[in-house]
Colleague: 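The structure's right below; bear with me while I get my questions together.
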Amino acid sequence: DVGSNSDHGFESHTLRHNKMKNFHISTVGCQMNVSDSERLASGLKSLGLEKSNDEESDLVVINTCVVRQTAEDTTTGFLGKLKKIKQSKPSMMIVVMGCMVGPKTNELEKRFPHVDIWAAPQKFQKILDPVSEIISKDNLEGCLPDLLPLKPKIASFIPIIHGCNKFCSFCIIPYRRGREISKTIDEIKEEVITLTRRGVKEVTLLGQNVDSYGHDLAPSQDLADLLYEINSIDELVRIRFLTSHPNDMSTKIIKSIRDLSKVCETINLPFQAGDNEVLERMRRGYTREEYIDKVAEIREIIPNVSMTTDLIVGFPGETRDQFMKSLDLVEMLKFDKVHASIYSDRPGTIASRKMGDDVSREEKKWRMAQIVEAQKKISYELNLKYMDTFQNVLIENFAENTFSGRSRLDKLVYLSGENIEIGDFVEVKINETRTWSLTGRFLKTIEKDNEVHLIGN
């Protein structure tokens, strides 16, 4: 899973005689990458290294994403910068991990010869073993340290299933992260318990297709089974999960969200395109009508649900009329948030091999502007109903004399007040609404999030 030069660099005389002291991790991409970086950082700290924000650290790791061209461009630009730094600091070790790294790295090695280690997603040992050997002239002998952060964020990510079996024609993820592999419920529960003992109050369960969780286990289990188990952990207050797939969002899962007090009523359900021909070319496995029916089922079972979605504009062969069906779906279903992206060709995908990229850049930008403008109006209108309501907010940040956090329905809320600390659950009365956030007046600190804080209560 790594290239032939995975040993390159750390055997050098210079590295052997210059003890590593610090490391820097640059993360590009999804929440799964954020979680992977946090876990790698925990492992490096356990080896005695200090985390640094300095790009000239002794060890620099880039955790990469190649879902979109902009993400890949960010990585290649940073690697160019590191090449110049390494010329004046040859003892620096450069590591590239994540989705840029496929089963073979020969071409990458030729393109970036200054990189010392290439590690595929979650292959932490490919990094920790050589670093351990440099520091102590010994290796971990297959025994990884505890990779859970010692000082985790109040709201933390927990990967529960890696890989994806869907093979959508636009997506490179199955080729880089492999087929779906689920952790056991016991493993996940132990992680959650450990993190709550370290101060975590909210967890987000992660998967490329989180609703597929457990199908590969014996006996087969599902996300609802996991949610029931995690919901029983006393110290945990809130549970979220993402990202879902319409074909695997079962009625059982939907009802578990409704019935479990700690599971937030927030669902990210990508539709990607509003036209059936485009959906078929994307290999999504459902129709426009089936997607609409699934949203209706969710909203019937969970009336106060907050829904977000993902959408691609400018997929190969997508006509203006077909795009307008996507815009129509956005305006009809009125999501709380739409994560729209412009299609970019990903070498190695089915779309890249068979379809090309025939929608002009100008047309893509026009379509994106239509989606953004429509969603701005929808989000603003949806947020208006929060005016003068009381919301329970988990405080996650403090900057410029203002606290911020998220409500149960995942609304970003800003507030000011005294005797507030990061990690507090506070009751806030909303007195200002905007397109992407709310502002409120701090009323009181509460011990735990209420079961469901309905709008207007």
Side-chain angles (χ1 to χ4, degrees), residues 1-15 18 20-38 40-41 44 49-124 126-128 130-131 134 171-173 175-177 341-349 352 357 361 364-365:
D1 50 18
V2 295
S4 60
N5 85 327
S6 61
D7 295 332
H8 173 68
F10 62 82
E11 288 291 346
S12 72
H13 177 85
T14 303
L15 284 173
N18 283 278
M20 282 187 181
K21 295 180 181 179
N22 56 18
F23 70 92
H24 172 73
I25 300 179
S26 174
T27 306
V28 182
C30 66
Q31 292 91 338
M32 189 76 79
N33 274 10
V34 172
S35 177
D36 287 350
S37 291
E38 289 175 347
L40 176 62
L44 293 171
L49 297 182
E50 294 183 2
K51 188 175 182 180
S52 169
N53 292 323
D54 188 355
E55 295 175 352
E56 298 187 20
S57 297
D58 301 324
L59 169 64
V60 178
V61 181
I62 311 174
N63 195 354
T64 62
C65 172
V66 291
V67 170
R68 300 185 183 96
Q69 187 62 47
T70 51
E72 187 169 345
D73 291 344
T74 297
T75 295
T76 55
F78 190 33
L79 282 173
K81 183 177 181 180
L82 291 178
K83 182 178 181 179
K84 295 179 181 178
I85 296 174
K86 190 165 184 174
Q87 288 173 350
S88 60
K89 186 181 178 181
S91 62
M92 168 189 282
M93 175 182 279
I94 300 174
V95 175
V96 176
M97 65 181 291
C99 290
M100 178 180 274
V101 187
K104 297 180 181 179
T105 59
N106 294 339
E107 291 302 317
L108 289 171
E109 292 169 21
K110 293 176 183 177
R111 188 179 176 189
F112 305 105
H114 56 293
V115 173
D116 298 288
I117 298 174
W118 299 92
Q122 283 90 47
K123 301 299 182 182
F124 302 113
K126 295 293 183 180
I127 302 169
L128 296 175
V131 171
I134 292 166
C171 188
I172 195 68
I173 294 297
Y175 304 96
R176 299 299 169 84
R177 288 187 177 264
S341 62
I342 291 175
Y343 174 80
S344 60
D345 183 80
R346 300 287 80 201
T349 62
S352 180
D357 187 3
R361 180 69 180 174
K364 290 176 182 176
K365 291 173 69 175

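The chain is numbered in sequence order, starting from 1.
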Colleague: For residues V61 and F23, determine if any side-chain heavy atom of one lies less than 4.5 Å from a side-chain heavy atom of the other.
Modeller: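 No, every pair of side-chain atoms sits at 4.5 Å or beyond.
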Colleague: May I ask you to test the L59-L44 pair for a side-chain heavy-atom distance under 4.5 Å?
Modeller: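 Counting from C-beta outward, L59 and L44 do come under 4.5 Å.
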Colleague: Report the C-alpha distance between R177 and D36 in whole Å, list the side-chain angles of each, state the deciding distance to 0.1 Å, and finish with yes or no for salt bridge (charged side-chain N to carboxylate O under 4.0 Å, His left out).
Modeller: CA-CA 13 Å; R177 288 187 177 264; D36 287 350; 3.7 Å; yes
Colleague: I need the minimum non-hydrogen distance between Y175 and T349, along with the two atoms involved.
Modeller: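 Closest heavy-atom pair between Y175 and T349: CE1-CA, 4.4 Å.
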Colleague: Quick one: does K21's side chain get under 4.5 Å of E50's, heavy atoms only?
Modeller: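 Result no, sub-4.5 Å side-chain heavy-atom pair not found.
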Colleague: Can you find a pair of side-chain heavy atoms, one from I25 and one from K51, that are under 4.5 Å apart?
Modeller: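 The answer is no, as the side chains (C-beta and beyond) never meet within the 4.5 Å cut-off.
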Colleague: Okay, side chain of T64, backbone of M100: is any donor-acceptor separation there less than 3.5 Å?
Modeller: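 Here the side-chain-to-backbone pair exists.
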Colleague: Of all heavy-atom pairs between A71 and C65, which one has the smallest distance, and what is that distance?
Modeller: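 Scanning both residues, the minimum pair turns out to be CB-O, 3.4 Å.
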Colleague: Say you draw a straight line from CD1 of I94 to CG of D116; how long is it, rounded to the nearest 0.5 Å?
Modeller: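 The CG atom of D116 is 6.5 Å from CD1 of I94, to the nearest 0.5 Å.
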Colleague: Given side-chain contact (heavy atoms from CB on, under 4.5 Å), test E72 with I172 step by step and report yes or no.
Modeller: CA-CA 12 Å; E72 187 169 345; I172 195 68; over 6 Å; no
Colleague: Work out which heavy atom in S37 is nearest to a heavy atom in T27; give both atom names and the distance.
Modeller: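 Minimum heavy-atom contact is OG-OG1, 2.7 Å.
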Colleague: Donor-acceptor pair, S57 side chain versus D54 backbone, under 3.5 Å?
Modeller: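 It does hold such a pair.
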Colleague: Working to the nearest 0.5 Å, report the span between CD1 of I127 and CG of L40.
Modeller: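 Answer for the CD1-CG pair, I127 versus L40, is 5.0 Å.
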Colleague: Within the 4.5 Å heavy-atom criterion, are M93 and V131 side-chain neighbours or not?
Modeller: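 With C-beta onward as the side chain, the pair touches.
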Colleague: Can you check whether L79 reaches K83 side chain to side chain, under 4.5 Å on heavy atoms?
Modeller: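 They are not in side-chain contact.
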Colleague: Say you draw a straight line from CD1 of I85 to NE2 of H114; how long is it, rounded to the nearest 0.5 Å?
Modeller: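 With rounding to 0.5 Å, CD1 (I85) is 9.5 Å from NE2 (H114).
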Colleague: Keeping the roles fixed (side chain from S344, backbone from Q69), state whether a donor-acceptor pair exists under 3.5 Å.
Modeller: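 Judged by distance alone, yes, a pair lies under 3.5 Å.
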Colleague: Does H24 reach the main-chain N or O of E55 with its side chain, forming a donor-acceptor pair under 3.5 Å?
Modeller: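 Checked: no pair found.
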Colleague: If you measure only the distance, is there a donor-acceptor pair under 3.5 Å linking the side chains of S352 and D345?
Modeller: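 There is such a pair (donor and acceptor under 3.5 Å, judged by atom type) between the side chains of S352 and D345.
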Colleague: In this structure, are over 12 heavy atoms from other groups packed under 6.0 Å from K89 atom NZ?
Modeller: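 Correct, the count exceeds 12.
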Colleague: Using 0.5 Å steps for rounding, measure from the CG atom of L82 to the CZ atom of F112.
Modeller: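 Reported value, rounded in 0.5 Å steps: 10.5 Å.
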Colleague: If you compare all heavy atoms of P121 against all heavy atoms of G98, which two are closest, and at what distance to 0.1 Å?
Modeller: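 For P121 versus G98, the nearest heavy atoms are CD-O, 3.3 Å.
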Colleague: Hey, could you give me the CZ/SG distance between R346 and C99, rounded to the nearest 0.5 Å?
Modeller: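 The SG atom of C99 is 11.0 Å from CZ of R346, to the nearest 0.5 Å.
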Colleague: Rounded at 0.5 Å granularity, tell me how far CG in L108 sits from OG1 in T76.
Modeller: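 Going from the CG atom of L108 to the OG1 atom of T76 covers 11.0 Å.
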Colleague: Would you mind reporting whether I117 and P130 have side-chain heavy atoms less than 4.5 Å apart?
Modeller: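 Side chain of P130 against side chain of I117, heavy atoms only: contact under 4.5 Å found.
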Colleague: Taking C-beta and beyond as the side chain, do N33 and M97 meet within less than 4.5 Å on heavy atoms?
Modeller: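 The answer is no, as the side chains (C-beta and beyond) never meet within the 4.5 Å cut-off.
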